[in-house]
Amino acid sequence: LVAFDPNYRPRLWPSPEAAQTAMTQALGVTDIALPTFTDEQALFADASPEATAERLGRAGVKEIVVKNGEEPALVVAEGRTQTVPAMLMDNLVDTTGAGDSFNGGYLAARLLGHTPAEAARRGHRVAAAVVQVRGALAPFEALKAAFGSQA
């Protein structure tokens, strides 16, 4: 099972075309794609999260979760398209690592047998805990507080 978060950073590529080629090749072997809409919009000029999901689906990806910051995540999997609202936090400290935290929560939930939508809710909860602390890694206590006994 291959999960891939394209995570486009322009300065790390010799050109946008090189990045597009590499990303498209990687998607050809991807089972679960976890892109961030703003990255996909910057690289592929996607007009919407739905356009991103359609493009990834044409590349053969079967499970797609388009993250979109404070906006709902778009989940396309198992023949269904759903939106899963993000958790808006009053105590936003640092968004570093939010996307990777979402990915970890999502993938852990999927490995535990949760549906894609349930996994996206878990991903949002993990990301919400992380953005309330400085840095990309939340202390275990912050995650435990976010989940209670389910941490």
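Everything numeric in this text was worked out from a predicted model, so none of it was measured. We use all heavy atoms of the structure for the numbers below, so side chains are in, but hydrogens, waters and symmetry mates are not.
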Colleague: Examine distances only and state if a side-chain atom of Gln25 and a backbone atom of Ala22 form a donor-acceptor pair shorter than 3.5 Å.
Modeller: no

Colleague: Set out, in order, the CA-CA distance, both residues' side-chain angles and the distance that settles side chain to side chain contact (heavy atoms under 4.5 Å, CB included) for Val126 and Phe102, then state yes or no.
Modeller: CA-CA 6 Å; Val126 174; Phe102 177 98; over 6 Å; no

Colleague: Could you check whether any side-chain heavy atom of Gln20 comes within less than 4.5 Å of a side-chain heavy atom of Leu43, counting everything from C-beta outward?
Modeller: yes

Colleague: Under the side chain to side chain contact (heavy atoms under 4.5 Å, CB included) criterion, do Phe37 and Asp46 qualify, and how do the steps go?
Modeller: CA-CA 8 Å; Phe37 174 63; Asp46 291 343; 4.2 Å; yes

Colleague: Between Pro35 and Leu56, which heavy-atom pair has the shortest distance, and what is it?
Modeller: CG-CD2, 3.8 Å

Colleague: Check this for me, if you would: do Arg55 and Glu40 make a salt bridge, where the nitrogen-to-carboxylate-oxygen distance has to be below 4.0 angstrom?
Modeller: yes

Colleague: Taking only Lys NZ, Arg NE, NH1 and NH2, and the carboxylate oxygens of Asp or Glu, determine whether Arg80 and Glu63 approach each other closer than 4.0 Å.
Modeller: no

Colleague: Are Tyr8 and Val61 in one and the same hydrophobic cluster, where Ile, Leu, Val, Met, Phe, Trp and Tyr link if side-chain heavy atoms are under 4.5 Å apart?
Modeller: yes

Colleague: Quick one, Leu107 and Ile32 - any side-chain contact, counting heavy atoms below 4.5 Å?
Modeller: yes

Colleague: Over all heavy atoms of both residues, which pair between Ala33 and Leu27 is shortest? Give the atoms and the distance, please.
Modeller: CB-CD2, 4.3 Å

Colleague: Please give me the minimum heavy-atom distance between Pro116 and Arg110, naming the atom from each residue.
Modeller: CD-NH1, 3.6 Å

Colleague: Do you know which two heavy atoms are closest between Ala86 and Glu71, and how far apart they sit?
Modeller: CB-O, 3.7 Å

Colleague: Would you mind telling me which of Thr83, Ile64, Val84 makes a side-chain contact (heavy atoms from CB on, under 4.5 Å) with Leu74?
Modeller: Thr83

Colleague: Identify whether Val29 and Leu1 are in the same connected component of the hydrophobic contact network (ILVMFWY, side-chain heavy atoms under 4.5 Å).
Modeller: no

Colleague: Hey, what do you get for CD (Gln82) to CD (Glu118), rounding to the nearest 0.5 Å?
Modeller: 9.5 Å

Colleague: Please lay out, stage by stage, how Met23 and Thr21 fare under the test side chain to side chain contact (heavy atoms under 4.5 Å, CB included).
Modeller: CA-CA 6 Å; Met23 301 282 187; Thr21 298; over 6 Å; no

Colleague: If we ignore hydrogens and angles and just use 3.5 Å, is the side chain of Gln41 paired with the main-chain N or O of Ser48 as donor and acceptor?
Modeller: no

Colleague: Apply side chain to side chain contact (heavy atoms under 4.5 Å, CB included) to the pair Asp39 and Arg9, showing each step before the final yes or no.
Modeller: CA-CA 8 Å; Asp39 290 350; Arg9 299 297 175 260; 3.0 Å; yes

Colleague: Show the nearest heavy-atom pair for residues Ala73 and Val65, with the distance to one decimal.
Modeller: CB-CG1, 4.2 Å

Colleague: Applying a strict under-4.5 Å side-chain criterion to I, L, V, M, F, W and Y, I'd like to know whether Tyr106 and Leu111 cluster together.
Modeller: no

Colleague: Search all heavy atoms of Asp5 against all heavy atoms of Lys67 and return the closest pair with its distance.
Modeller: OD2-NZ, 3.0 Å

Colleague: Tell me whether Phe4 shares a hydrophobic cluster with Trp13, the cluster being built from Ile, Leu, Val, Met, Phe, Trp, Tyr side chains joined at under 4.5 Å.
Modeller: yes

